[in-house]
There are 2 protein chains.
Amino acid sequence: MSSKMTKKRANLRDVAAAAGVSVATASRVMNTPEAVSEATRQKVQAAMDSLRFMPSAAARAINSGRSRFVGALVPTLDNAIFARYLSRLESQLDKHRLSLVVSTTDGIPEIEAEKARTLINIGAEGLIMSGITHRPALYELINRGGIPAIATSYYDPDFALPTIGYDNAAAAFTALSHLTGLGHSRISVIHGPTETNDRTGTRVEALRRRPDGAKIEFYLEPLSIEGGCSGVQRVLEARPDTTAILCMSDVQATGALYELQRCDISVPGGLSLLGIDDLPGSAHLCPGLTTVHLPVARMGLAAADAIAGWVENGTVPEPVLLESRLVNRSSTGRLGDVTLTEVTRTGAAD
Amino acid sequence: MSSKMTKKRANLRDVAAAAGVSVATASRVMNTPEAVSEATRQKVQAAMDSLRFMPSAAARAINSGRSRFVGALVPTLDNAIFARYLSRLESQLDKHRLSLVVSTTDGIPEIEAEKARTLINIGAEGLIMSGITHRPALYELINRGGIPAIATSYYDPDFALPTIGYDNAAAAFTALSHLTGLGHSRISVIHGPTETNDRTGTRVEALRRRPDGAKIEFYLEPLSIEGGCSGVQRVLEARPDTTAILCMSDVQATGALYELQRCDISVPGGLSLLGIDDLPGSAHLCPGLTTVHLPVARMGLAAADAIAGWVENGTVPEPVLLESRLVNRSSTGRLGDVTLTEVTRTGAAD
DNA sequence: ATGGTTGATGAAACCAGTTACATGTGTCAA
DNA sequence: TTGACACATGTAACTGGTTTCATCAACCAT
């Protein structure tokens, strides 16, 4: 055994001692090398290399008060809509030299609050949440720490936190209007949980309040392809005179389309199908899914800028409303009409 | 103006002073409350509440030497295969009370090295990378800091770092064998970049070395739906006698299927189509995409356990080989045969 | 020759916690 | 009555950097 088996990672004191300088000088070599003479710089550099010195992130953070990362809370990563959003969020945060910690909540408020606590415990400088419905404990946490926090996927200028998102009620109504404009009045809506998901809740509520002359029935299903499948089964059984199915998410619409095809019901000849989200794959279903495009990439970008401005300069961001819009592909048609509408080839980039 | 506008966040000293105790006692209230008398505990707790005290993550980290988060480097979040993987990675890391920082590299080694540096700078305790081809600078970084790091999506027991993944060559060969077994011999392969992506590179190389009696031509295309579309265009132009198209990723296969349908070429009647990945949506294309299932969810789970064990106990993980397997749906058929094979309804959960 | 300025460096305080060790008090058995 | 011991608490060292301030030598203009 050698006399010194010190495996401990070298710190700045070790480096300084090895180089025969003070810790202050060693520190300067890292942060303000121009303030150190060339000879000393090289001495210290050599010591750092031979000791395999790596600065401690925690020690840095304790001085700067900065951790250089923020946390995002999303229901799931398995839905492409969130993946797309996070993708842009991460790349834009990177431009602000900020990293992204991702936490999934499964859409459960308790888990969200718990994960938010974890994010703050590990040092997140800011929080980006999904929607505006959260546990009181989460708000207390944010208030207590004065943590910059924004809510996304939902626009509400009156909300306590800055919101960056789209008008979910308008998106649902855009979808409904498209169907009623095509002559449909017996419409079945397949949607995910509304209790814990305010985006879905707002969409459903908008349709209940402004049925636009249509007779709408609602079917609650899990937010998955399978949910879309079973939703269609229920619709066909309970309401065979339905002429159009409106899914509150493209994931469910994908499942619905699959099930309709399995039942040999042509779309849009036999039944019109409409989604909300505009996933990357929705354009490539057959027929291409008509849907309401949600600008999640722009949202990721805006959210990144907003939280970055807040944590860097203390600028509390303004709410941002992003416009959703109908993407007319081939899964919807005029009532009683078999002519296909023009195909929009690929999804929009935003 | 009030006499004290001290906006600075309260620290433990402030709390201790307000409660009339020492910092040590205040600290104990947080960490070992059972070692503090009930009366003192309440005094301190009250002081913490009124001062809105929040412990500093950095100060904690500097003492414990733990940051409680690890970093993952993936090419992109936009491909569902990575989203699925990260989804499971994150949920399993959470069981180890570890958070996940996600960094995307666009498959560019320089960006990967840079982002790895950033991850370590902000304090990541471990690194989970994709594939085994990286810049020397990245290895130096890992070695210098002695940072636990594993490579995923690739199995190679001889690699310097522990690998957790599948045999990419075997996956490609499984796909090829399926096609040759159905009588196909004029096969066109559409694949993504091989220079920067060793997973794709290994798959392509495997097919070049063991063509299994087939005449294979290779078409390099971007790893996107559009890449699949243009790949099909090139195949139809350059090699119209092709009887089967093998895509090295489901994303490209999705685009290929779309383009084939646009050209009124039935699948598998006119042409067989095969993918690799088994995305959640692949089962719901029409026809359902026959593909090689890559166990990315199991991989996320294994990677989480591996890196957690390493950072918690110093246990260097063993390489893990995960089996891929063919998922036979309806996009491939016997040469000259129009009979559809049985449909596998949904993707496997792993 | 001398006062002023610049440049390089070190000593020590500081950030915000944790924790080893010391101290003091109260209880109980010998 | 005293020694032993548990319990509650305080003192101060410690984590690993950054930064302020002081020091000192070299250089330059007066």
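Only heavy atoms go into these numbers, but all of them, side chains included; no hydrogens, no water, no symmetry mates. Note on naming: letters A, B, ... go to the chains in the order of the sequence lines (proteins, then strands), and numbering restarts at 1 for each one.
- For the helix from C/dA1-D/dT30 to C/dA30-D/dT1, the rotation axes defined at the first and last 5 base pairs enclose an angle of 50°, given to the nearest 10°.
- Applying the salt bridge (Lys or Arg N to Asp or Glu O under 4.0 Å) test to A/Arg117 and every residue at least two apart in sequence or in another chain returns nothing.
- Remark: of the listed residues A/Ile164, A/Val70, A/Leu127, A/Thr163, A/Ile164 is the sole one forming a side-chain contact (heavy atoms from CB on, under 4.5 Å) with A/Ile150.
- Salt-bridge annotation for A/Arg135 and A/Glu112: absent, with no side-chain N of the basic residue lying under 4.0 Å from a carboxylate O of the acidic one.
- When DNA chain C is scanned 5' to 3' for any atom under 4.0 Å from a heavy atom of chain A, the first and last hits are C/dA8 to C/dA16.
- Between B/Phe69 and A/Phe69, the distance separating the two ring centers is shorter than 6.0 angstrom.
- Closest approach of B/Met30 to B/Phe53, counting heavy atoms only: SD-CE2, 3.8 Å.
- Salt bridge present: A/Lys115 and B/Glu90 bring a charged side-chain N and a carboxylate O closer than 4.0 Å.
- Partners of A/Asn31 according to the side-chain hydrogen bond (donor to acceptor under 3.5 Å, both in side chains) rule, which considers only residues two or more places apart in sequence or in another chain, are A/Ser27.
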Expected string for nucleotides 13-27 of chain D under the B/S/- scheme (protein heavy atoms, under 4.0 Å, primed atoms plus P, OP1, OP2 as sugar-phosphate) is --BBBBBB-------
Hey, can you pull the donor-acceptor pairs under 3.5 Å for the side chains in residues 299-317 of chain A, sequence neighbours left out?
{"from": "A/Asp305", "atom 1": "OD1", "to": "A/Gln92", "atom 2": "NE2", "distance (Å)": "3.0"}
{"from": "A/Asp305", "atom 1": "OD1", "to": "A/His96", "atom 2": "NE2", "distance (Å)": "2.7"}
{"from": "A/Glu312", "atom 1": "OE2", "to": "A/Arg66", "atom 2": "NH2", "distance (Å)": "3.2"}
{"from": "A/Glu312", "atom 1": "OE2", "to": "A/Arg68", "atom 2": "NH2", "distance (Å)": "3.3"}

Q) Which is it for A/Tyr85 and A/Thr152 under the side-chain hydrogen bond (donor to acceptor under 3.5 Å, both in side chains) test, yes or no, and what are the steps along the way? A) CA-CA 10 Å; A/Tyr85 158 62; A/Thr152 61; 3.2 Å; yes
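- A salt bridge does not link B/Asp14 with B/Arg9: none of the charged nitrogens is closer than 4.0 Å to a carboxylate oxygen.
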